[in-house]
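Throughout, a chain's letter reflects where its sequence line sits, starting with A, and its residues are numbered from 1.
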2 protein chains.
Amino acid sequence: MRPLFHPTTDQITVEGILHALSDPVRAAIFAEIAGASCPMTCSAFLTIKDRDIPKSTLSQHFKALRDAGLIHSERSGVEMRNTSRCADVDKRFPGLLPAVLAAHARQRVMPKRR
Amino acid sequence: MRPLFHPTTDQITVEGILHALSDPVRAAIFAEIAGASCPMTCSAFLTIKDRDIPKSTLSQHFKALRDAGLIHSERSGVEMRNTSRCADVDKRFPGLLPAVLAAHARQRVMPKRR
DNA sequence: TCAATAGTTCGTATATCCGGGACTATGGGA
DNA sequence: TCCCATAGTCCCGGATATACGAACTATTGA
């Protein structure tokens, strides 16, 4: 099992952030982690947005968030403690995250007309 | 040739916007269109960011921006007039576009360390 | 009518994404 | 110490998306 990769603050890219957050499941996961007051495990998201996510898929989503620099993950015993890297991202791209999170929140309130 | 599709303002989604702008070429195209004072043609971007884009690829990029609701395109004679839909997007997701464009601009100034 | 220009569409090669199943790592009993 | 359960990761096949060359369409001008 290879060690977890985390980009440094100045290796974070806008493309990476936007790509990671352009997936609704990842965006939901990140929003929860960012809003939580303590680290969250991966398996806390096996069901999210009223649907089940296979754990292999979930693992890939976490890797995507990690690679983008959005979260920090560290093993703690048998599980993983995931925390957001909002501060790092905000240092590199001030205001980006709040705007994206606000947009996602707004969409949840006002879904697109069908 | 099928007619051009443009989503209505409330059909615009965050995922769509973020996905469209997570590609550096599309982000650059959109930034220029958004900053221009008059409509721009597609072929104005056959070279961008010091590289040549095949026109079939370029056409797909424009379609992606259009489908996301980021630009409006209309035929004018033999060419296409592309304008940004910043106002529409901003009505649906206030503050999102300025934040993303600012982040892209910042990255241009402070590229990631290599 | 013909040629030139601007974009689109199609076909194919390539890359990325999804998810099932096997695997690894850690911790808690008996 | 030896299992077993739990939390995640890795691998691989199928599905989906993306890139780009080549052929096509539409419009204008000569």
Side-chain angles (χ1 to χ4, degrees), chain A residues 1-6 13 15-30 32-33 36 38-49 51-68 70-83, chain B residues 1-6 13 15-30 32-33 36 38-49 51-68 70-83:
Chain A
M1 266 185 188
R2 56 195 70 141
L4 300 174
F5 168 74
H6 290 96
T13 66
E15 296 86 1
I17 301 267
L18 298 190
H19 175 251
L21 295 181
S22 70
D23 179 278
V25 172
R26 282 194 297 262
I29 292 173
F30 178 70
E32 260 198 71
I33 292 177
C38 58
M40 302 192 69
T41 65
C42 298
S43 56
F45 300 95
L46 279 169
T47 73
I48 191 171
K49 297 183 119 211
R51 74 192 211 85
D52 292 342
I53 312 291
K55 64 176 184 168
S56 58
T57 302
L58 200 56
S59 181
Q60 294 306 316
H61 282 326
F62 273 91
K63 176 166 155 46
L65 291 171
R66 216 162 32 232
D67 290 351
L70 283 163
I71 64 172
H72 178 88
S73 311
E74 70 176 318
R75 273 178 231 288
S76 168
V78 74
E79 58 192 22
M80 194 86 96
R81 300 161 61 84
N82 297 288
T83 50
Chain B
M1 265 182 189
R2 56 194 70 139
L4 300 174
F5 167 74
H6 291 95
T13 66
E15 295 86 0
I17 300 269
L18 297 190
H19 176 250
L21 295 181
S22 71
D23 179 278
V25 171
R26 283 195 296 264
I29 292 173
F30 178 70
E32 260 198 70
I33 293 178
C38 57
M40 302 193 67
T41 64
C42 298
S43 56
F45 300 95
L46 279 169
T47 74
I48 190 171
K49 297 183 116 211
R51 75 191 210 85
D52 291 341
I53 312 289
K55 64 179 185 166
S56 58
T57 302
L58 201 56
S59 180
Q60 295 306 317
H61 281 325
F62 273 91
K63 176 167 156 44
L65 291 170
R66 216 163 32 233
D67 290 351
L70 283 164
I71 63 171
H72 178 88
S73 311
E74 71 177 318
R75 273 177 231 289
S76 169
V78 74
E79 59 190 22
M80 192 87 95
R81 299 162 61 85
N82 297 287
T83 50

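Nearest heavy-atom pair, R75(A) versus R2(A), reported as atom, atom and distance to 0.1 Å: NH2-O, 4.3 Å. Shown here for I17(A) and A68(A), the closest heavy-atom pair between the two residues is CD1-O, 3.9 Å.
The distance between atom CG of L65(A) and atom P of dT9(D), rounded to the nearest whole Å, is 12 Å. Summarising the geometry, the separation between NZ on K63(A) and P on dT16(C) is reported as 12 Å, rounded to the nearest angstrom. Taking atom CZ of F62(B) as the reference point, atom C1' of dA6(C) lies 12 Å away to the nearest angstrom. Regarding I53(A), its CD1 atom lies at a distance of 13 Å from the C1' atom of dC17(C), rounded to whole Å. In this entry the distance linking CG of L46(A) with C1' of dG8(D) reads 10 Å, nearest Å. Rounded to a whole Å, the CD atom of Q60(B) is 8 Å from the C1' atom of dT8(C). Atom C1' of nucleotide dA25(C) and atom CG of L4(A) are separated by 12 Å, given to the nearest angstrom. Rounded to a whole Å, the CG atom of D52(B) is 13 Å from the C1' atom of dC20(D).
Taking the side chain of D23(B) as heavy atoms from C-beta on, and the options dA19(D), dT25(D), dT9(D), the nearest nucleotide is dA19(D).
Between the T13(B) side chain and the G16(B) main chain, a donor and an acceptor come within less than 3.5 Å of each other.
Each of T83(B), N82(B), T41(B) was compared with S73(B) under the side chain to side chain donor-acceptor pair (under 3.5 Å) criterion, and only N82(B) meets it.
A donor-acceptor contact under 3.5 Å is formed by the side chain of S56(A) with the base of dG20(C).
A distance of 11.0 Å separates CZ of F30(A) from CZ of F45(A), quoted to the nearest 0.5 Å.
Contact check, R2(A) against dC11(D): a side-chain N or O comes under 4.0 Å of OP1 or OP2. An OP1 or OP2 oxygen of dG8(D) is reached within less than 4.0 angstrom by no side-chain nitrogen or oxygen of R75(A).
In this structure, S43(B) reaches the sugar-phosphate backbone alone: every heavy-atom distance under 4.0 Å involves primed, P, OP1 or OP2 atoms, never a base. Contact annotation for R66(B): backbone-only contact, meaning every heavy-atom pair under 4.0 Å involves sugar-phosphate atoms and none involves a base. The residue T57(B) sits close to a base: some heavy atom pair falls under 4.0 Å. Here M80(A) lies in heavy-atom contact (under 4.0 Å) with sugar-phosphate atoms only.
Residue-to-nucleotide proximity on DNA chain D shows that, of H61(B) and K55(B), the 5′-proximal contact is made by H61(B).
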